[in-house]
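Everything below concerns the one structure shown next.
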There are 2 protein chains.
Amino acid sequence: MARPKKFDEAAGLQKAMNVFWKKGYAGTSISDLTTSMEINAPSLYATYGDKHKLFVSALQTYLQSQHEWMRQAVLEQKPVREIIRYLLATLIDATLEDPERRGCFMVNTITEMANQDTQVFRIAADNEHQIRSILADLIRKGQTSGEIASEKDAEILASFLFINFMGIRVIAATNSDKKHLHSALDAILSAI
Amino acid sequence: MARPKKFDEAAGLQKAMNVFWKKGYAGTSISDLTTSMEINAPSLYATYGDKHKLFVSALQTYLQSQHEWMRQAVLEQKPVREIIRYLLATLIDATLEDPERRGCFMVNTITEMANQDTQVFRIAADNEHQIRSILADLIRKGQTSGEIASEKDAEILASFLFINFMGIRVIAATNSDKKHLHSALDAILSAI
DNA sequence: GTAGTTTTGTAATGATCGATACAAAACTAC
DNA sequence: GTAGTTTTGTATCGATCATTACAAAACTAC
């Protein structure tokens, strides 16, 4: 019934995500996006809305894959401490292995815009809630299995872990000492 | 011998710092700066160089006061754990009390630019080195006084603390639950 | 084939970007 | 006073910003 799109919408969104992830919202121009996505501006606007809408879509795409990865890891039939160490270690390695050293797209977005953009603020708050709930469930699992002292407050430990998730992704953006970063994991796990 | 400046150079730098801190580097325009600093563009360029030079000066001003605050706190004649708790608690409170919720200027800058600006990258790496060294000294002090187990590696504990410093400043930008944030401090301190 | 629909490429919109040219203004030294 | 120096205000530079008008192009339905 009409002329078909000659580009893949999801692939374009992925491309946009990578640009925003590297350069931030204000640091990315429409020209940066159209170049990377290999479409022209009118197609971008017709398909994804304006710059802000595209950014939010890209951020949500990122968060979905991040959450899925974490939910998968939590399902593993391994000791809880091992799962937590795997999560933290993978974050370190992924950050160090990224040739562009972009850190975490959610953290980057929080520090750039959460204080000025209510929609981004809500997404960040919701993300925190979701991840903390995944972590708290994991810790409660460790408590019922006897791996973690049941006197401890699972919610607080989850917040503690969440703080360390965020901190690690900031540090790993400028510190490349893999051995050193990994050795900090022992200290983190000793608090659980 | 010449017409005198009618504005205070240090005060202007402080104003610029507050704008960059709130809006980031790319998000701040020269117009934002001249408005807040109450000078015109030619005066800005003559006094502080270009936008990037002014930004770096503002960042270094911020880091100096941050470091001074931390060095002061570390000198206190109090139990080491108490000092560490004070440092973390003050970071939480300061972030929550800031009506603009700007978080940490250094963290914001790392996540915005460290992967694209070698000068910023170096400043961030140097800052990490300095703060980790202050914290490691503090921990060694606690080890000689018997407050902290001397088997533990002071450098690693310092890195652990640094991670939590960074993490807390990211979280506190979107989470306003003061009681909750403070209760995570117990978990942090239990690892020391 | 033709009519109808949507995407595409080109080209341009006004606004704002970082940075400066230039001259009037305000000071010091003498 | 005058000469010399630097800052100020105004006005503007070309470049780029996000966004869109418009028409040719490419498809489907019939």
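Every chain is numbered from 1 and lettered A, B, ... according to where its sequence line falls, protein lines coming before strand lines.
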Legend entry - Flag for B:Ser29-B:Asp32: side-chain donor and acceptor within less than 3.5 Å: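 Yes, side-chain donor-acceptor contact under 3.5 Å.
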Legend entry - G-U wobble or Watson-Crick pairing nucleotide for D:dA15 (cut-off 3.5 Å, both distances):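 Base-paired to C:dT16.
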Inset, instruction - Both distances under 3.5 Å, Watson-Crick or G-U wobble: report the partner of C:dA26, or none. - result: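 D:dT5 - that is the nucleotide pairing with C:dA26, both distances being under 3.5 Å.
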Would you indicate which nucleotide in [options] comes nearest to any side-chain atom of [X]?
X       : options                : answer
B:Lys6  : C:dT8, D:dG9, C:dG18   : D:dG9
A:Arg3  : D:dA18, D:dA26, D:dT7  : D:dA26
A:Asp50 : D:dA24, D:dT19, C:dG18 : D:dT19
A:Asn40 : D:dT8, D:dT19, C:dT8   : C:dT8

Nearest-angstrom distance from the residue atom [atom1] of [X] to [atom2] of [N]:
X       : N      : atom1 : atom2 : value
A:Leu44 : C:dT7  : CG    : C1'   : 14 Å
B:Leu33 : C:dG18 : CG    : P     : 8 Å
B:Asp32 : C:dC17 : CG    : C1'   : 11 Å
A:Lys51 : D:dT16 : NZ    : P     : 16 Å
B:Ile30 : D:dA15 : CD1   : P     : 18 Å
B:Phe7  : D:dT6  : CZ    : P     : 15 Å
A:Tyr25 : D:dA18 : OH    : P     : 8 Å
A:Ile39 : C:dT6  : CD1   : C1'   : 15 Å

Inset, instruction - For the pair B:Tyr62 and B:Trp21, name the ring-plane relationship: parallel under 30°, tilted 30 to 60°, perpendicular over 60°. - result: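 Answer is perpendicular, since the angle exceeds 60°.
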Legend entry - Within-4.5 Å side-chain heavy-atom neighbours: B:Ile156 and A:Asp186: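 Sidechains of A:Asp186 and B:Ile156: no contact.
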Legend entry - Minimum side-chain heavy-atom gap B:Gln66-B:Gln130 below 4.5 Å: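 No - every pair of side-chain heavy atoms lies 4.5 Å or more apart.
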Looking at every strand, decide which applies to [X] at a 4.0 Å heavy-atom threshold: base, sugar-phosphate, or nothing.
X       : answer
A:Thr34 : nothing
A:Thr47 : nothing
A:Pro42 : base

Legend entry - Short side-chain N/O contact to D:dT16 OP1/OP2 from A:Ser29, under 4.0 Å: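 It does not, given that no N or O in the side chain of A:Ser29 lies less than 4.0 Å from OP1 or OP2 of D:dT16.
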Inset, instruction - Kindly say if A:Ser43 contacts the phosphate of C:dT8, meaning a side-chain N or O under 4.0 Å from OP1 or OP2. - result: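 Yes, A:Ser43 has a side-chain N/O under 4.0 Å of OP1/OP2 on C:dT8.
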Inset, instruction - Specify the residue among A:Ala41 and A:Ser31 whose closest nucleotide of DNA chain D lies further upstream toward the 5′ end. - result: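 Its nearest nucleotide being more 5', the pick is A:Ser31.
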Inset, instruction - Kindly say whether A:Phe162 contributes a backbone atom to a donor-acceptor pair with the side chain of A:Arg132 at under 3.5 angstrom? - result: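 Not confirmed, A:Arg132 side chain does not pair with A:Phe162 backbone.
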Legend entry - Lys/Arg cation over aromatic B:Tyr25: B:Lys51, 6.0 Å, 45° cone: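 Output yes; distance and angle both within limits.
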Inset, instruction - Specify the residue among B:Tyr45 and B:Pro4 whose closest nucleotide of DNA chain C lies further upstream toward the 5′ end. - result: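 On the 5' side of the pair lies B:Tyr45.
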